[in-house]
Chemist: 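The structure is given below, and queries will be raised subsequently.
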Amino acid sequence: MNTLTLILITFGVCLASTSEANKRTITFIAQELEPYYFKAGSLGAQGAYYEISQELCKLQKIHCKFKIANFRIALEEIQNGKADFGGPLVLTKPRESIYYYSTALFSSAYCFYSTPKYFKKDIQYTDIKGANICVFGPSATELSLFRIKEALNNELNILVEPNTHNCFRKVENNTYPYVYANCDSGKYWQVHTKSTLQEMPQLGEKILYHLVFSKKSFTEKEIESFNANLEVLRKSGTLEKIAKKFKLILAPSHK
């Protein structure tokens, strides 16, 4: 190998290294909500949103870092630009004025769960009048439960916990008869903790989950780029593969 060739190779390696070092780094932050995003021991962050974000960052040619935090802290950090994006999140009018939203990623729902002691297969909303219902809050799940409460003439007692895990445990321990939570999270809890909790059909509310982005970190044009690349991941089958892996339902395409 002559001297010129060696110089050119070295120069090329230096350019590649500099390009990699200069890549933009953005931070994903969210609470633990299996199977969407959670910590799996020494493996660190895992879940559908972790894998989608990794693929999205590759297409955007940027680095992704991942953090787990309390739900309220996560939203505050995305709002003030300390973190750049997160999820899953339901679109609401107040939130839409604070964050940029991606196109919908997953179709899901909120469900009621109870132990065999309180389980009723053909339950109606009137059957839970006056009952104590545990819910994680503040959250869109809690707002959904408040809508149900209003429909029942406010004859419902809402007990708010700082995370869904607390609710699942307290219902299993008969502290509360019911928990209102994301259905996919409930199913994950049933399987991975061998829980006796059972989903009560017919009750609840359908929802769509999105990614949310900080308006301090991105422009509308950049969000268009993220959404375009999410569509690339959809067309390539990557989103469907991730959805199947975590037993989730992919939301319909916005196109």
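Owing to the predicted nature of the structure, the values given are computational and were not obtained by experimental measurement.
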Chemist: Aromatic contact between Phe213 and Phe218, with the criterion being ring centroids under 6.0 Å apart: yes or no?
Modeler: yes
Chemist: Between Tyr49 and Tyr209, is there a side-chain heavy-atom distance shorter than 4.5 Å?
Modeler: yes
Chemist: Would you say the ring centers of Tyr110 and Tyr180 fall short of 6.0 Å from each other?
Modeler: yes
Chemist: Please list every donor-acceptor pair under 3.5 Å in which a side-chain atom of residues 239-247 meets a protein atom from a residue at least two apart or in another chain.
Modeler:
{"from": "Lys245", "atom 1": "NZ", "to": "Glu51", "atom 2": "OE2", "distance (Å)": "2.5"}

Chemist: Would you please say whether a donor-acceptor pair under 3.5 Å links the side chains of Gln31 and Asn163?
Modeler: no
Chemist: With sequence neighbours left out, what residues match Lys194 under side-chain contact (heavy atoms from CB on, under 4.5 Å)?
Modeler: none
Chemist: Could you tell me whether the side chain of Ser217 and the main chain of Asp84 form a donor-acceptor pair under 3.5 Å?
Modeler: no
Chemist: Looking at Val179 and Ile133, what are the two nearest heavy atoms and their distance?
Modeler: C-CG2, 4.4 Å
Chemist: Would you say NZ of Lys129 has more than 12 non-hydrogen atoms from neighbouring residues, nucleotides or ligands within 6.0 angstrom?
Modeler: yes
Chemist: State whether the side chain of Ser53 and the backbone N or O of Tyr50 hold a donor-acceptor pair below 3.5 Å, judged by distance alone.
Modeler: no
Chemist: Could Glu32 and Lys39 be called an ion pair, given the rule that one side-chain N must be under 4.0 Å from one carboxylate O?
Modeler: no
Chemist: Between the side chains of Glu55 and Lys58, is the shortest nitrogen-to-carboxylate-oxygen separation below 4.0 Å, so that they form an ion pair?
Modeler: yes
Chemist: Would you say the side-chain atoms of Asp127 pair up with the backbone N or O of Gln124, donor to acceptor, closer than 3.5 Å?
Modeler: yes
Chemist: Do side-chain atoms of Thr164 reach the backbone of Phe136 as a donor and acceptor pair under 3.5 angstrom?
Modeler: no
Chemist: Looking at every non-hydrogen atom in both residues, tell me the closest pair between Pro201 and Ile123 and how far apart they are.
Modeler: O-CG2, 4.0 Å
Chemist: Quick one: do the Asn132 and Tyr178 side chains pair a donor with an acceptor below 3.5 Å?
Modeler: no
Chemist: Considering only residues two or more places apart or on different chains, which pairs with a residue in residues 147-200 satisfy disulfide bond (SG atoms under 2.5 Å apart)?
Modeler: Cys111-Cys183, Cys134-Cys167
Chemist: Indicate yes or no for a side-chain donor-acceptor contact from Asn70 to the backbone of Arg72 under 3.5 Å, with no hydrogens or angles considered.
Modeler: yes
Chemist: Looking only at heavy atoms, what is the nearest atom pair of Ser214 and Ile78, with distance?
Modeler: OG-O, 2.6 Å
Chemist: Keeping the roles fixed (side chain from Tyr99, backbone from Leu75), state whether a donor-acceptor pair exists under 3.5 Å.
Modeler: yes
Chemist: Is it true that Arg147 and Glu150 have a side-chain N and a carboxylate O under 4.0 angstrom from each other?
Modeler: no
Chemist: Given side chains that start at C-beta, do those of Leu89 and Phe71 come closer than 4.5 Å, heavy atoms only?
Modeler: yes
Chemist: I'd like to know if the side chain of Gln190 and the backbone of Leu197 have a donor-acceptor N/O pair within less than 3.5 Å.
Modeler: yes
Chemist: Report, as yes or no, whether the 6.0 Å neighbourhood of atom CD1 on Ile62 holds more than 12 heavy atoms from other residues, nucleotides or ligands.
Modeler: yes
Chemist: Distance only, no hydrogens: is a donor on one side chain within 3.5 Å (strictly under) of an acceptor on the other, for Asn182 and Thr141?
Modeler: no
Chemist: What are the two closest heavy atoms between Pro35 and Phe38, and how far apart are they?
Modeler: O-CE2, 3.8 Å
Chemist: For the pair Asn153 (side chain) and Glu155 (backbone), establish whether a donor and an acceptor sit closer than 3.5 Å, ignoring hydrogens and angles.
Modeler: no
Chemist: Determine whether more than 12 heavy atoms belonging to other residues, nucleotides or ligands lie under 6.0 Å from atom NZ of Lys215.
Modeler: yes
Chemist: Do you know the tightest heavy-atom contact between Tyr37 and Lys67?
Modeler: OH-O, 2.8 Å
Chemist: Between Arg24 (side chain) and His63 (backbone), is there a donor-acceptor pair under 3.5 Å?
Modeler: no
